[in-house]
Q: 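One structure follows; several queries about it will come next.
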Amino acid sequence: MTDEAFRSLYGQYRVPLFRFAYRLTGSAPVAEDIVHDCFVGLFRGGYKAERASQRTYLYAAIRNLSRKHHRDSGREDELCDVVDQVQDPLGTVVSQETSEEVRRAVEALPLLQREVLVLFEYEELPLDEIAKIVDAELAAVKSRLHRARERLRKALIPAMKGMTK
Amino acid sequence: MIGPDEELRRVLKLWEAPEPSAKLDERVWHSKPRRRWKWLPVAAGVILAVGIARFWNSSSGIETRIEATGFTPIANGAITVVKTGEKQ
């Protein structure tokens, strides 16, 4: 890859990839480490054009590095998307900071649901591309997204009521 | 009338991610392999070729001589095969 091509790719994706990593890990310094490692992998020849588009490759790399971070920090139990107990991070207390409420509600999602939700709602990627990124069937992606939305609706009802007033 | 998905989407968008710092750019560019390494094998080849050429030039001034004064070939040289342990 030429310097020019690398610069172009880095300029195009550094912010969206950082946002994605930040929303998966909840930490800006960790997200920067992950984006750094992702691009180091890219210029060491990790990308194979015949396998996926560059965008799919980069998002998948961020997703895998974030999962590695979760494993290394002993948060792998967050991965499970079967347990569907509705946590209410807000309790009955309505936070003054809606943004903070949303952050906490999204971070309370199991990782498999969170990554699908972030890719769809924040990065606005199509479902078939999300399926490639998370290496899952399309039906599984739809199911995870549905469960994530249900949980968020229940967790964010106070905030949603505030929005519609 | 806003649907439930649209309503949720609007609430989710309230959570904004920060921007990456300029430090990230520095780290990525610092980690990127420098292109000069690409030319290292070429440079090594050129240095080797120059070295060989210089050696060749310097060694071409040496003249190899064979001194044959006093050499007399053996007349009617015959080959005798002697077996191990056999008395001559």
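As a basis for the values below, the full set of heavy atoms in this structure was taken, side chains included, without hydrogen atoms, waters or symmetry mates. Just so we're on the same page: letters track the sequence lines, and every chain starts at 1.
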Q: Within a reach of under 6.0 Å around CG of A:Asp135, are more than 12 heavy atoms found that belong to other residues, nucleotides or ligands?
A: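 At most 12 heavy atoms, drawn from other residues, nucleotides or ligands, come within 6.0 Å of this atom.
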Q: Which pair of non-hydrogen atoms, one from A:Arg149 and one from B:Asp5, has the smallest distance, and what is that distance?
A: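 For A:Arg149 versus B:Asp5, the nearest heavy atoms are NH1-OD2, 3.6 Å.
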Q: Which heavy atom of A:Leu156 sits nearest to which heavy atom of B:Val11, and what is that distance?
A: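 For A:Leu156 versus B:Val11, the nearest heavy atoms are CD1-CG1, 4.1 Å.
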Q: Measure distances from A:Glu124 to the heavy atoms of chain B and classify the residue's part below 4.5 Å as side chain, backbone, both or neither.
A: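 Only the side chain of A:Glu124 comes within 4.5 Å of chain B.
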Q: Which answer fits A:Tyr10, side chain, backbone, both or neither, if we ask what part of it has an atom under 4.5 Å from a heavy atom of chain B?
A: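 The side chain, not the backbone.
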Q: Report the option among A:Val106, A:Leu117, A:Val40 that has the most heavy-atom pairs separated by less than 4.5 Å from atoms of chain B.
A: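 Of A:Val106, A:Leu117, A:Val40, A:Val106 has the most heavy-atom pairs under 4.5 Å with chain B.
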Q: Please confirm whether A:Arg7 makes a cation-pi placement over B:Trp29, using NZ or CZ under 6.0 Å from the six-membered ring centre and within 45° of the ring normal.
A: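 The answer is yes, since A:Arg7 meets both limits relative to B:Trp29.
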Q: Is there a chain of hydrophobic side chains (I, L, V, M, F, W, Y, each step under 4.5 Å between heavy atoms) that links A:Tyr57 to A:Val15?
A: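 No: no chain of side-chain contacts under 4.5 Å links A:Tyr57 to A:Val15.
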Q: Return the minimal non-hydrogen interatomic distance between B:Ala17 and A:Arg19, and the atom names on each side.
A: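 Shortest heavy-atom contact: CB-CG, 3.7 Å.
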Q: With side chains defined as the heavy atoms from C-beta onward, is the minimum distance between B:Glu19 and A:Tyr22 less than 4.5 Å?
A: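 The answer is no, as the side chains (C-beta and beyond) never meet within the 4.5 Å cut-off.
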Q: Got a second to check how far A:Glu101's CD is from B:Leu14's CG, nearest 0.5 Å?
A: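 Those atoms lie 9.5 Å apart.
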Q: Counting heavy atoms not belonging to A:Lys68, are there more than 12 under 6.0 Å from its NZ?
A: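 No, the 6.0 Å shell around NZ holds no more than 12 heavy atoms from other groups.
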Q: Does the side chain of A:Phe6 come within less than 4.5 Å of B:Val28's, by heavy atoms?
A: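 A side-chain contact exists here, since the closest heavy-atom pair is under 4.5 Å.
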Q: So which heavy atom on A:Tyr122 is nearest to which on B:Leu12, and how close?
A: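 Scanning both residues, the minimum pair turns out to be OH-O, 2.7 Å.
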Q: Check the surroundings of atom CD in A:Gln12: do more than 12 heavy atoms from other residues, nucleotides or ligands lie under 6.0 Å from it?
A: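 Count over threshold, so yes.
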Q: Which atom names give the shortest non-hydrogen contact between B:Ser21 and A:Arg14, and what distance separates them?
A: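 In this case the closest contact between B:Ser21 and A:Arg14 is O-NH2, 4.2 Å.
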Q: Going through the distances and angles, do B:Arg9 and A:Phe120 end up as a side-chain contact (heavy atoms from CB on, under 4.5 Å)?
A: CA-CA 10 Å; B:Arg9 188 162 294 148; A:Phe120 187 79; 3.6 Å; yes
Q: Roughly how far, to the nearest 0.5 Å, is the CG atom of B:Leu8 from the CZ atom of A:Arg153?
A: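 Taking CZ in A:Arg153 and CG in B:Leu8, the distance rounds to 5.5 Å.
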Q: Given that the side chain runs from C-beta out, which part of A:Asp33 has a heavy atom under 4.5 Å from chain B: side chain, backbone, both or neither?
A: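 For A:Asp33, heavy atoms of backbone and side chain both lie under 4.5 Å from chain B.
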